[in-house]
Amino acid sequence: AQKVTQAQTEISVVEKEDVTLDCVYETRDTTYYLFWYKQPPSGELVFLIRRNSFDEQNEISGRYSWNFQKSTSSFNFTITASQVVDSAVYFCALKAGTASKLTFGTGTRLQVTL
Amino acid sequence: DVKVTQSSRYLVKRTGEKVFLECVQDMDHENMFWYRQDPGLGLRLIYFSYDVKMKEKGDIPEGYSVSREKKERFSLILESASTNQTSMYLCASSLTGSVQPQHFGDGTRLSIL
């Protein structure tokens, strides 16, 4: 069975601070994909990034970066110089094997204040 | 851009009513999904469909059914609504294959009184 754990329920930071959202996953499949989604107050989940289990390269996209470490089964997400518009709930998710189903973590609510 | 449209943003129904939530996608995706989202529980899969007239139970199918008569449309049905089905319902679609991300609608906040 698949499992995704986001231990941080809620994080509050002041604008321009860096913040890291943790994600730990469990699966017995050797082929899997990890995803991050953002859910702003409007409600729609927005796809941010996908990573496959064979590619441990870290990725940077503007102020966003992702650190994938198979040794610790983690796929952490860092926002550099946070902004108020980053305030949202962030979900980490896992797809394993050939399945089309996603297993989601419980989400981390990020509040960025001025 | 993929567009997943859910028919209502907010819906209020009474206990015992039959409730229909509709979802339409415009990108010819094979797979469609229904989730419910509750505080502290994240998103939980109710049902999904990988083709017209095909469906599979997700993690919490009890009290729900689905219908997929056309590729672009996936309906979630609450046969006899109960107060514990008050929740945010999210529809998603994707192409086939585990590499493909799911694309989500805006959600329907359903209240059962």
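Throughout, protein chains are lettered first and strands after them, A, B, ... in sequence-line order, and every chain is numbered starting at 1.
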Problem set entry | Interchain contact, B:Y35 with chain A, by part (heavy-atom threshold 4.5 Å) | side chain
Exercise. Is it the backbone or the side chain of A:T9 that comes under 4.5 Å from a heavy atom of chain B, or both, or neither?
Worked result: neither
Seminar exercise, completed: Interatomic distance, CG@B:D106 vs CG@A:L45, rounded to 0.5 Å, equals 10.5 Å
For this session: Give the cluster check for A:F75 versus A:F47: same hydrophobic cluster or not, with ILVMFWY residues linked at side-chain heavy-atom distances below 4.5 Å.
Result: no
Exercise. Is it true that B:I60 and B:Y47 fall in one hydrophobic cluster, defined by side-chain heavy atoms closer than 4.5 Å?
Worked result: yes
Problem set entry | Region of A:Q39 that comes under 4.5 Å of a non-hydrogen atom in chain B | side chain
Exercise. Crowded around A:K70 NZ? As in, over 12 foreign heavy atoms under 6.0 Å?
Worked result: yes
For this session: Using the rule that two of Ile, Leu, Val, Met, Phe, Trp, Tyr join whenever any of their side-chain heavy atoms come within less than 4.5 Å, decide whether A:V4 and A:F35 are in one cluster.
Result: no
Exercise. What's the shortest heavy-atom distance between B:L41 and A:T106, and which atoms?
Worked result: C-CG2, 3.9 Å
Exercise. Within a radius of less than 6.0 Å around CG of B:L113, do more than 12 heavy atoms belonging to other residues, nucleotides or ligands occur?
Worked result: yes
Exercise. If we only count heavy atoms from C-beta on, is the A:L102 to B:F33 side-chain gap below 4.5 Å?
Worked result: no
Problem set entry | Proximity breakdown for B:N31 and chain A, heavy-atom pairs closer than 4.5 Å | side chain
Exercise. Is it the backbone or the side chain of A:Y32 that comes under 4.5 Å from a heavy atom of chain B, or both, or neither?
Worked result: neither
Problem set entry | Non-hydrogen atoms of A:R50 and B:P101 that approach each other most closely | NH1-CD, 3.2 Å
For this session: Please state whether the side chain, the backbone, both or neither of B:E56 comes within less than 4.5 Å of a heavy atom of chain A.
Result: neither
Problem set entry | Where A:K101 and B:F48 come nearest, the two heavy atoms and their spacing | CD-CE2, 3.5 Å
For this session: Count the heavy atoms belonging to other residues, nucleotides or ligands that lie under 6.0 Å from CZ of B:R9, then report whether that count exceeds 12.
Result: yes
Exercise. Is there a path of hydrophobic side-chain contacts, each under 4.5 Å between heavy atoms of I, L, V, M, F, W or Y residues, that connects B:V24 with B:L21?
Worked result: no
Exercise. Considering only heavy atoms, which portion of B:D38 lies under 4.5 Å from any heavy atom of chain A: side chain, backbone, both, or neither?
Worked result: neither
Seminar exercise, completed: Rounded to the nearest 0.5 Å, the CZ atom of A:F91 sits from the CD atom of B:Q37 at a distance of 4.0 Å
Problem set entry | A:R51 atom CZ, neighbour heavy-atom count above 12 within 6.0 Å | yes
Problem set entry | A:W36 with A:V13, same ILVMFWY side-chain cluster at under 4.5 Å | yes
Exercise. Checking B:R109 against chain A: side chain, backbone, both or neither under 4.5 Å from a heavy atom?
Worked result: neither
